[in-house]
Amino acid sequence: MAAADSDRDPPSALCSEFLHFSAKDTASQWMAAADLQQEVYRHLSVYVPRILCLGPSGCSSREEQREEQREELACQLLLLAPLEWLLLGEEPAAGLALLQENNQPSPLCGHVFKVGEPTYSCRECAADPTCVLCMQCFLGSVHKDHRYRMTTSGGGGFCDCGDAEAWKKGPYCQKHTLTPNNRDTEEDPIAQLPADMVARSYNIFSIILRYAVDLLTWDQEDQLPAGLEPPEKGDTYYCMLFNDEVHTYEQVIYTLQKAVNCSQKEAVSFATTVDRDGRKSVRYGDFQFCEQSKSVIVRNTSRQSKPLRVQVMHSSVVAHQCFALKALSWLGQIIQYSDGLRRVLCQVGLQEGPEGENSSLVDRLMLNDSKMWKGARNIYHQLLMNSLLMDLKYKKIFAIQFAKNYRRLQTDFMEDDHERVVSVTSLSVQLFTVPTMARMLMVEENLMTTIIRTFVDHLRHRDLQGRFQFDRYTAQQAFKFGRVQSLIGDLKYVLISRPCEWSDELREKFLEGLDSFLELLKCMQGMDPVVRQVGQHIEMEPEWEAAFTLQMKLTHIISMIQEWCSTDERVLIDAYRRCLTALSHCHSGLPDGEQPISLSLAGHCVETFRYQVSQDKVSIHLPVCRLLAGLHVLLSRTEVASRFPEQLPLGELSPPLLIELPLRCLVLCAQVHAGMWRRNGFSLINQIYYYHNVKCRVEMFDKDVIMLQAGASMMDPNHFLMIVLSRFELFHIFSSADCRKRYREANKDVVQQNNTLIEEMLHLIIMVVGERYMAGVGQVEPFDEVRREIIHQLSIRPMAHSELVKALPENGNKETGLERVIDSVASFKKPGVTGRGLYELRPEWNKHFNLYFHHYSRADQSKAEEAQRKLRRQNGEDTALPPPVPPPLCPLFGSLVNLLQCDVLLAVEGAVLQWAVEPSGGGWTESMLQRVLHLVGMALLEEQQQLENSSGYDDVTFNYTSKITRPGEAPSTSGSVLALLESLQNAPHLEVHKDMITWILKMVANIKTIRERSSATSSITISQGQGPEETVRDKDKAERKRKAEMARLRREKIMAQMSEMQKHFINENKELFQQSLEELEASTSAAAEHSPPSLEMSSVSQVCVGPRRLGVAERRQLVTCILCQEEQEVKGHGRAMVLAAFVQRSTVLSKNRRRALPNAERHDPVFMHPDLSLGIHTASCGHIMHATCWQRYFEAVQLKEQRRQQRLRGHTSYDVENGEFLCPLCECLSNTVIPLLPHAHSPDHSVDHPSLEVWLKTTNQQIAALHSAHRKQSEDAAEGAEPPVPEGFRIDFTPLNPFSSSVSEMITTFSMSTYKVGLKVNPNEQDQRIPVLSWSTCAYTIQAIERLLMDEEKPLFGSLPCRQLWFQTSR
């Protein structure tokens, strides 16, 4: 670094000061002084410039480090030690120890986290995700045995151990346990201190804190506050470079090299320090010298953006600012010894000055936060956390001051360019997440309203209607928009814990905040509208990401507001009224001024206004509408609608207006799927994607469906469906008999679009009637909702835990509820070679599968349908996928079921079925028919449920079966729905739907039977007085009998499973049961007397070779494939199981290494030379796979290698072209596989074995008979004397192959590998040496193992691992 030369005082000058300076004497002089502040300031003005910032210290980092140590020592001895003597009145070490000994600390930990430090949050006990523990407290708490979340800190927060409000249970760790010695929170800790020390501490803390605040907020570059001017002021200045978040490292480094003529290494060091500490001196010298460098830096960095901030500051100002930071750190250390001193510092910091409001020292620091550099901010933030935030009394006072200045602090933060973590606004997480404090601030300072209005004020871009308008942002605008979003985080902190008790003041302020929030939502209602492009493609993609980013940020806020409303009936009713008023205000801008149009279908008429999604403006952002839908559900869930109907404005609701905007949005999605909006580009496709995405759907798509359900439940179902048909632009198709035919002939694209729209419209009706797994819509709990989500995700395929978490929406506490549900519906499959464990759906939950689950994408629906049909085929069932039995609806939504039996829907169903009867038309699709069949099934299930749950025949108002037997009305001329279904049952072109149609017809017959039984029961009830009681008794008796039979079958099944498990366990643990088996043999000795004599001999002499060999004990060989984790028994005729193996030529046992290798073409391997010059060794890691799994794995390896070679001609550790691969589990080198074969059967000891003479004679006769038969076939010789044939010998006998084709194939694979490697020749399956080489490698490998074990002095097979035993027994 180039800098001006300067004469520096020799270090000996300060050393002599050390020798003659007495901190005790200085403190005594200060204590006797009339004006303590003047004396302290005089001392600081003399020594601070002499100790700190004495100019450059050289280029060596070691010298710089030594200089820093010298400064630290000098500061401690000359500046801080007198303050400690004055404060304590005695030697500092002894005084601080005594303070700590007498201190009664609060149980709060208060450990401040550094950047990157691990933090732990208990998912079961934390009040919210911001409640965290440091590692030491976590390991000493009960939470280490709970479900927890571990993250890394961004810096600035502190440990919440000891805070009872932060934890539902277990707030204390072992170190911070609340004991009787801990002081009462109401007791003033200052009372524990001596009175003289309290007085001294007030004076010292006031002087030092005021000194630090004055210096850190000082804006003059060459002057100091009064009393701090140095005795001698030289012309020594620093060129100070400050950090910003605009310029890059490269720009700063390049500029510094130009400005101060330093090397790149020095410039990198400067830039790193500036980024870490916030500022750094880059040049030292006289004023002109430093001003020159400043001008160069400003000129080089102001070309594309604002210039770097550079100041030329006098060295004495810089020195005092450096000491101010050290003084703040010293205050933070001192108050750690005594809570009384902490309380004194809090009082000094928050004491108002003579200027009045916002004049306290803490206020001055907060309000000047954006003017300070990063290092100063970090130090005073840490002091605030160690003092004010650790004292509960003054934490509340500080929170009130923070809330009062909230708008100004946030405005300063918006104009600043530093990260939020180094801004004072980041302290909001420490204040607003405390439930009692958040509600206190909401009541006293109207915090909720303040945050929302501040947020709205900073989003200034509006259109003519007052809606947010996000133009295409530059990088700087996007940066500012990201800073505004931090306000949403503060609002989330305030609302994250809902109240259990409400006061009138809290209700008033919350509803006032809700009004402000509704104003925000009104600015979002209808933003970013789109119009369908016709003719040409859109030229420039419109901005859409900002609006969806805002929506995603507000998702949890909207959910939290609804949760707050659900806890108080008065708040819920008022919130519903206010939201309805806001929606009415939004509806006033609807373009419905035209004359209404009248729709007529199936004998019903309705009036609506003219609007077409494909021609007019439509927006996907409807937050006001969706908030009202959420509140409407809460009215049902909390039963407020039934208990206080007179207080609700239900009469003011206009159902057609309620459903209008959500219906437009859903029609837009349908038209996009139909390909009608292709010319609008990817921006609209992305919006539709996020509309259904798990991050947004809870407060977007789901709420739109709920609003349609609410509207449909309050209006005539025929009118609802006619409006739906009109908005889908399909009304003309179903209101005219020949319109469909014209479209079919005129324009195929239009026909295809209309087919897709009909499918989407039918799907929407299915969702409106069938989606009841929302507490308040259906009679379910949140547990049932999460369980249903998991069931349908696992119906697609088995999934890992992480995949399920991503598929479920998170609540405000970052929880999905997965762990509470998953074990009840799924079984966990341990990880295989992929390293991921998977959850599989239990079979008993397949009946809950709904093909038209509203959160399925088209791809998910297709996969789930295919998986479920395949599963049903495997179980031998039909492939029908009927709708599951739905839960009952809540009373407020009870009339939804009438949609299923209304005339308009019956007309639509009849029309689609009529089109399906005429397959040649092409104006319908199978998906359309499938949806109609699903709707018919839903209606039949609803009718069956009502019949089963009703007390009498007259109570059932749902009569779908009678309506589908009536012929269709105009304009449809078709027969009844039931007749059309019966005609379609055996239609050849509908084979795939045959099972579903059959299921429907069975349901119709079943319902008719129930109705007939109910009517018969009713007639008996009228004629006989005792009839009902007898019927009930018979029904109860039959029910008890049915349950008893089911219990008996269940017990038998369980007993059978236990028996099978017991047998399997005994077979796997024979050694443990050997004694029991011997006792069993002794007890059955009577039966043993009748056994052949050979068995008696075998128990004495163990023979392993020959006709008298002892057979191996019969046992099942159960093995598990490492690839698919499927367990299988080893059988000769089963699927082949193989071991990964490596075959190689070996000379390890050779006694003659000089002997030439044999000629491969003429080598005879029948006899091995005794010198073992060359052998074929086979090794295996012992990992087992299915042969098919291994083949797929090896093909994948080959394919991967081919792709790798195309990309990069690198080398691997194995040669795939030579058949080599790595074991999938242990990555052991392999080049073949060995098939696992079952154990050989025990020999038949009942057969008499001949003598050698008889055996030779018989063998000669067999050979002669075979030769004779061969001559007859080859020479066609005349019949002659045939040789005698031994008894029982057949010439044409062909033995049965004991192995399946897959096992035989693997035997061949291993044999060919041995042949190819052992002889180094090309494969030849006709070579007769192949079987011999297989036996040869077996013998050589056993001999090699035997030699190895002999050297290790181990038994032959006693010390082998289980996998090597598998390897040996398989060959």
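Computed over heavy atoms, backbone and side chain alike; hydrogens, waters and symmetry mates excluded.
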Is there a side-chain contact between Asn898 and Asp716, using heavy atoms and a 4.5 Å cut-off? no
If only atom types and distance count, is the side chain of Lys830 paired as donor or acceptor with the main-chain N or O of Gly837 below 3.5 Å? no
Side-chain (Trp845) to main-chain (Ser824) donor-acceptor, under 3.5 angstrom: yes
For His632 and Gln709, run side chain to side chain contact (heavy atoms under 4.5 Å, CB included): C-alpha distance rounded to whole Å, both residues' side-chain angles, the deciding distance at 0.1 Å, then the answer. CA-CA 10 Å; His632 193 82; Gln709 291 176 318; over 6 Å; no
Any residue meeting side chain to side chain donor-acceptor pair (under 3.5 Å) with Ser962, in chain and number order, not counting sequence neighbours: Asn959
Do Leu708 and Val724 come close enough that some side-chain heavy atom pair is under 4.5 Å? no
Output yes when a side-chain donor or acceptor of Asn846 lies under 3.5 Å from a complementary backbone atom of Pro843, and no otherwise. yes
Compare all side-chain heavy atoms of Leu725 with those of Ile733 and state whether any distance is below 4.5 angstrom. no
Is there a donor-acceptor pair closer than 3.5 Å between any side-chain N or O of Glu943 and the backbone N or O of Tyr960? yes
Indicate yes or no: does Lys1008 engage Glu1012 in a salt bridge with an N to O separation below 4.0 Å. no
Test side chain to side chain contact (heavy atoms under 4.5 Å, CB included) on Asn986 and Lys994 and set out the steps. CA-CA 7 Å; Asn986 296 315; Lys994 181 178 179 180; 4.0 Å; yes
Any donor-acceptor pair under 3.5 Å linking the side-chain atoms of Gln946 with those of Asn949? no
If every non-hydrogen atom of Leu622 is compared with every non-hydrogen atom of Pro662, which pair is closest and at what distance? CD1-N, 3.8 Å
Side chains of Pro883 and Leu941, heavy atoms from C-beta outward: is any pair under 4.5 Å? yes
So which atom in Leu980 and which in Gly910 form the shortest heavy-atom distance, rounded to 0.1 Å? CD1-O, 3.6 Å
Side-chain ion pair, Lys870 and Glu866, N-O less than 4.0 Å: no
Taking the side chain as every heavy atom from C-beta outward, state whether Asn693 and Met700 have any pair of such atoms under 4.5 Å apart. no
Set out, in order, the CA-CA distance, both residues' side-chain angles and the distance that settles side chain to side chain contact (heavy atoms under 4.5 Å, CB included) for Ile758 and Thr925, then state yes or no. CA-CA 10 Å; Ile758 293 173; Thr925 63; over 6 Å; no
Looking only at heavy atoms, what is the nearest atom pair of His692 and Cys669, with distance? CE1-SG, 3.8 Å
Rounded distance [0.5 Å steps], OG1 in Thr879 versus NE2 in His993: 10.0 Å
Tyr691: ring pair (Phe, Tyr, Trp, His ring centres under 6.0 Å) partners, not counting sequence neighbours: Phe701
Is a side-chain donor or acceptor of His989 paired with a backbone partner of Ala916 at a separation under 3.5 angstrom? yes
Near Gln985 CD, under 6.0 Å, is it more than 12 heavy atoms from other residues, nucleotides or ligands? yes
Pair up each side-chain donor or acceptor in residues 798-809 with any protein partner under 3.5 Å, not counting sequence neighbours, and list the distances.
residue, atom, partner, partner atom, Å
His801, NE2, Glu819, OE2, 3.2
Glu803, OE1, Ala800, N, 2.8
Glu803, OE2, Arg797, NH1, 3.2
Glu803, OE2, Arg797, NH2, 2.9

Nearest 0.5 Å, please: how far is OG in Ser976 from NZ in Lys963? 14.5 Å
Check whether any side-chain heavy atom of Leu764 lies under 4.5 Å from a side-chain heavy atom of Leu663, and answer yes or no. yes
Using a 4.5 Å cut-off on heavy atoms from C-beta on, say whether the side chain of Glu771 contacts that of Arg788. yes
When rounded to the nearest 0.5 angstrom, what is the spacing between CE in Met774 and CZ in Arg772? 15.0 Å
I'd like to know if the side chain of Asn875 and the backbone of Leu871 have a donor-acceptor N/O pair within less than 3.5 Å. yes
Is it true that a side-chain atom of Asn718 and a backbone atom of Cys902 form a donor plus acceptor pair closer than 3.5 Å? no
Any idea how Tyr856 and Phe849 line up, ring-wise: parallel (<30°), tilted (30 to 60°), or perpendicular (>60°)? tilted
Has Glu781 got more than 12 heavy atoms of other residues, nucleotides or ligands less than 6.0 Å from its CD? no
Looking at every non-hydrogen atom in both residues, tell me the closest pair between Glu699 and Ser559 and how far apart they are. OE2-OG, 3.0 Å
Got a sec: does the NZ of Lys863 have more than 12 other heavy atoms crowding it under 6.0 Å? no
Report yes if the side chains of Val908 and Leu762 come closer than 4.5 Å at any heavy-atom pair, otherwise no. yes
From CE (Met1003) to CD (Gln944), nearest 0.5 Å: 4.0 Å
Donor-acceptor pair, distance only, cut-off 3.5 Å: does the side chain of Ser726 make one with the backbone of Met722? no
Quick check: are there more than 12 heavy atoms from other residues, nucleotides or ligands sitting under 6.0 Å from CZ of Phe728? yes
In short, Ser927 meets Tyr852 closest at the heavy-atom pair O-OH, 4.3 Å
Using 4.0 Å as the upper bound for N to carboxylate O, is an ion pair formed by Arg697 and Glu789? yes
For the residue pair His604 and Asp903, confirm or rule out a side-chain donor-acceptor distance under 3.5 Å. yes
More than 12 heavy atoms from other groups under 6.0 Å of OH on Tyr689: no
Quick one: CD1 on Ile766 to CG on Leu935, what's the gap to the nearest 0.5 Å? 4.5 Å
Ser713 side chain vs Leu896 backbone, donor-acceptor pair below 3.5 Å: no
Does the side chain to side chain contact (heavy atoms under 4.5 Å, CB included) test come out yes or no for Leu661 and Cys665, once each step is laid out? CA-CA 6 Å; Leu661 295 178; Cys665 190; over 6 Å; no
May I ask you to say whether Glu760 pairs ionically with Arg858, meaning some side-chain N is under 4.0 Å from a carboxylate O? yes
Does Arg727 use its side chain to pair, donor to acceptor, with the backbone of Val613 at less than 3.5 Å? no
Taking only residues two or more places apart in sequence or in another chain, which ones pass ring pair (Phe, Tyr, Trp, His ring centres under 6.0 Å) with Tyr773? none
In chain order, what residues pass the side chain to side chain donor-acceptor pair (under 3.5 Å) check against Asp823, with sequence neighbours excluded? none
Qualifying residues under ring pair (Phe, Tyr, Trp, His ring centres under 6.0 Å), relative to Phe783, sequence neighbours excluded: none
Measure the spacing between CG of Leu978 and OG1 of Thr965 and express it to the nearest 0.5 Å. 7.0 Å
When you compare the side chains of Ser857 and Asp860, does any donor N or O come within less than 3.5 Å of an acceptor on the partner? yes
Atom of Ile659, atom of Phe720 and distance for their closest heavy-atom approach: CD1-CD1, 3.8 Å
